[in-house]
Amino acid sequence: MKAPAAGARTPLEEGGLDAPTRSAAPVRGGVVGRACVLLTVSIVTACAGRPGAGAESPSAAPAPAVSITVELSPRVPRAPRAPRRLNFAVPLAQGSLRDEHALRVSAQGQELPAARRGLARYPDGSWRSVQLQVEPAPGTTQLEVTLGQVGQGGVELLPVSALVDEQGLPAVWALLPAAHLAQSGLVGPMVPRAQLLGTALDAWANVCDYQRFGTEVFLEGAARREVWLFDRVTAMVRGHVFTGALAPLEAAAREVELYRAGLTLDAEGVVSALAVPGASEDLKYHYSQGLALHYLLTGDDRHREAAEAIARRAARLWDSPGYAGGDDFWTERHAGFGLLAFEWAAVVSDDEAERFSQLADAAATAYLQLQDSYPPGYADREARCFAHSATAHSEPYGHDGCSPWMSAILAEALLTYATRVGGERALLVRESLIKLGRSIARDGRDPLTGRPYYWMGVGAGRSQPDETDEHWGEAAYLVALAWRLDGKRDAGLRQQATQLIDGLRARGFAGHVRSFNWQCRTAVATPALLL
């Protein structure tokens with residue numbers, strides 16, 4: 001995948017989840033003369049180019065002021081000697097804010113002095129998130145944050161480590177509206193559950209029970225590494241955006257601190273050991289995404305640095321992301337977490353974004369080549385999964401195939417990558433994900449029961465149904481993503497996605513923490529894709 005030259009036109013100059021595919025006529029336009037692609041359902045756009053590069057167009061009109069109500073919720077019981085200083089960050093959609101000082105904070109109509117710091121930039125130069133620190137009067141229950149108005153300064157920014165307790169928790173929570181968090185694109189395509197109530201898309205509530213599978217249950221099993229799987233922090237942050245509730249946000253804050261504090265770094269700043277028992281050599285337990293999300297929600301530099309250290313480690317563990325065929329180890333889960341590690345470190349890094357971007361480029365290139373070329377004789381050019389041998393996946397089936405549910409992790413990683421880089425690479429990823437979803441819709445379900453397959457055979461290989469009813473959501477996500485990326489044109493894809501969601505509602509089950517983790521980290525984005 002060759003990157004387009006700076007300022008060059010590409011077949012897709014503007015668009016997104018609803019944009020045309022490569023075969024469609026190009027849409028004229030662009031941002032500051034650069035190729036762009038929109039790949040989330042919010043107003044986030046990502047232009048081709050180096051992370052952090054880009055500049056504001058001199059002719060761009062100023063965005064209108066937008067007010068966000070922030071609810072303040074003191075912890076109970078309140079920490080002794082709790083500092084009055086309130087720290088939080090406001091994630092933003094691309095293009096929303098270019099001046100980190102253009103945020104005004106007020107309480108009961110009175111402006112509060114505030115410290116402000118932009119945390120990471122989009123490719124067009126606008127801020128992904130802005131950290132705020134204020135000292136509201138005792139008893140304050142709400143703040144108003146107004147975007148687009150320069151606010152009063154006069155507050156010195158303190159390190160977040162001085163404002164949280166030993167668990168990493170603040171004395172007072174600052175809760176942003178779920179609708180704003182969803183629109184910001186913080187966790188990719190997302191809509192709050194409140195918008196789904198009473199509709200056929202409201203199918204995740206029973207499986208994604210954030211109270212039942214909260215931190216206390218996680219801690220009961222934390223001596224076993226499987227409960228750490230699939231990046232619980234990301235699942236919980238996405239759960240906070242989905243529900244607007246405090247419980248998943250608190251779980252994310254507690255568990256991201258457990259994960260960060262358990263990292264051991266070598267002399268080169270590379271992770272050498274994890275808190276996860278026996279998993280320090282296992283890529284699928286190395287998560288930069290949750291660390292980066294926490295940084296974007298708090299401005300805690302320790303978590304940004306940890307995300308970078310994880311990505312350095314992933315580069316060692318996943319130094320050859322391609323698949324050479326045969327029994328050479330490769331799974332969609334490892335591929336996805338490897339790319340996510342590079343992607344999220346690139347997003348938040350203050351000094352190594354270019355290196356992590358190059359690692360992401362190499363991984364994404366390898367994955368698309370694999371999908372396009374393996375196995376020999378896999379002739380379908382329109383519907384293809386990421387096929388590899390069952391032995392390469394450590395499965396006993398003895399033939400080529402792919403894992404639909406693990407493919408959801410890889411699809412999220414590729415979508416995240418495409419959203420950031422834009423241009424021709426994003427267009428190639430779009431085609432890849434459409435092919436993946438088509439393959440799941442056509443070949444990924446048991447014709448007798450309708451269940452999605454746990455292992456989907458390719459060619460003459462037999463497929464293995466998911467007998468535990470724990471993977472309806474991931475299959476629905478892949479098919480819905482293909483439908484949306486294909487311009488909502490294929491009624492059959494929409495029908496298959498709807499049937500899978502119906503199956504999740506009727507039969508979906510999470511019997512343990514690990515099952516909750518995988519079902520609630522990616523697939524809860526499915527409704528946003530179908531709206």
Side-chain angles (χ1 to χ4, degrees), residues 41 189-214 217 229-230 235-236 238-239 241-245 247-248 385 402-409 411-412 436-457 462-484 488 490-531:
V41 290
M190 203 73 201
V191 292
R193 185 178 175 233
Q195 296 183 25
L196 306 176
L197 296 177
T199 74
L201 297 178
D202 187 19
W204 272 263
N206 290 334
V207 169
C208 296
D209 188 333
Y210 299 97
Q211 292 281 359
R212 177 186 173 193
F213 293 106
V217 174
L229 273 169
F230 311 111
M236 289 299 183
R238 197 168 265 131
V241 177
F242 187 45
T243 65
C385 63
C402 49
S403 168
W405 70 275
M406 288 190 186
S407 292
I409 300 170
E412 180 186 344
L436 173 62
R438 284 177 182 158
S439 73
I440 303 301
R442 188 190 66 188
D443 302 322
R445 300 179 65 189
D446 181 354
L448 297 179
T449 65
R451 284 187 171 112
Y453 286 132
Y454 176 85
W455 175 261
M456 188 177 87
R462 295 179 56 191
S463 297
Q464 309 295 323
D466 168 29
E467 301 291 352
T468 60
D469 288 314
E470 293 178 292
H471 297 297
W472 293 91
E474 296 87 82
Y477 170 80
L478 295 171
V479 177
L481 182 59
W483 174 78
R484 188 64 177 265
K488 305 181 182 180
D490 190 330
L493 287 175
R494 169 103 194 185
Q495 182 181 33
Q496 286 283 335
T498 301
Q499 290 175 0
L500 287 161
I501 292 172
D502 291 342
L504 174 68
R505 184 187 307 104
R507 301 160 74 173
F509 175 72
H512 45 76
V513 174
R514 181 165 54 100
S515 176
F516 163 85
N517 296 349
W518 75 59
Q519 294 192 70
C520 304
R521 77 165 317 278
T522 298
V524 290
T526 306
L529 302 172
L530 293 173
L531 290 175

Going by heavy atoms in the side chains, are [X] and [Y] under 4.5 Å from each other?
X: Val524; Y: Tyr477; answer: no
X: Pro248; Y: Phe242; answer: no
X: Thr243; Y: Tyr210; answer: yes
X: Ser407; Y: Ile440; answer: no
X: Arg445; Y: Leu500; answer: yes
X: Leu530; Y: Trp483; answer: yes

query: What residues, two or more places apart in sequence or in another chain, satisfy salt bridge (charged side-chain N to carboxylate O under 4.0 Å, His left out) together with Asp502?
result: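 Checked Asp502 against salt bridge (charged side-chain N to carboxylate O under 4.0 Å, His left out); matches are Arg505.
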query: With respect to Arg451, which candidate in Asp469, Asp446, Thr468 satisfies the side chain to side chain donor-acceptor pair (under 3.5 Å) definition?
result: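 Running side chain to side chain donor-acceptor pair (under 3.5 Å) over Asp469, Asp446, Thr468 with Arg451 returns exactly one hit, Asp469.
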message: If we check side chain to side chain donor-acceptor pair (under 3.5 Å) with His471, which of these qualifies: Tyr453, Tyr454, Trp518?
response: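 Checked Tyr453, Tyr454, Trp518 against His471; only one passes side chain to side chain donor-acceptor pair (under 3.5 Å): Trp518.
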- request: Applying side chain to side chain contact (heavy atoms under 4.5 Å, CB included), run through Trp204 and Thr526 and close with a yes or a no.
  value: CA-CA 10 Å; Trp204 272 263; Thr526 306; 3.6 Å; yes
Nearest heavy-atom pair of [X] and [Y]: which atoms, and what distance?
X: Ala475; Y: Pro452; value: CB-CB, 3.9 Å
X: Gly457; Y: Ser463; value: N-OG, 2.9 Å
X: Asp202; Y: Leu196; value: CB-O, 3.4 Å
X: Ala408; Y: Thr522; value: O-CG2, 3.7 Å
X: Leu478; Y: Ala411; value: CD2-CB, 3.5 Å
X: Gly508; Y: Val207; value: C-CG2, 3.8 Å

Looking at [atom1] of [X] and [atom2] of [Y], how far apart are the two atoms once the value is rounded to the nearest 0.5 Å?
X: Lys488; Y: Asp490; atom1: NZ; atom2: CG; value: 14.0 Å
X: Glu412; Y: Glu474; atom1: CD; atom2: CD; value: 11.5 Å
X: Cys402; Y: Asp443; atom1: SG; atom2: CG; value: 9.0 Å
X: Met406; Y: Trp455; atom1: CE; atom2: CH2; value: 9.0 Å
X: Ser403; Y: Gln464; atom1: OG; atom2: CD; value: 12.0 Å
X: Leu436; Y: Leu481; atom1: CG; atom2: CG; value: 8.0 Å

message: Are there over 12 heavy-atom neighbours, none belonging to Arg507, within less than 6.0 Å of that residue's CZ?
response: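 Above 12, so yes.
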- prompt: Would one find more than 12 heavy atoms of other residues, nucleotides or ligands at under 6.0 Å from atom CG of Asn206?
  reply: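 No, the 6.0 Å shell around CG holds no more than 12 heavy atoms from other groups.
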Please check: side-chain N/O of [X] versus main-chain N/O of [Y], any donor-acceptor pairing under 3.5 Å?
X: Arg514; Y: Phe230; result: no
X: Gln519; Y: Trp472; result: no
X: Arg484; Y: Leu531; result: yes
X: Ser515; Y: His512; result: no

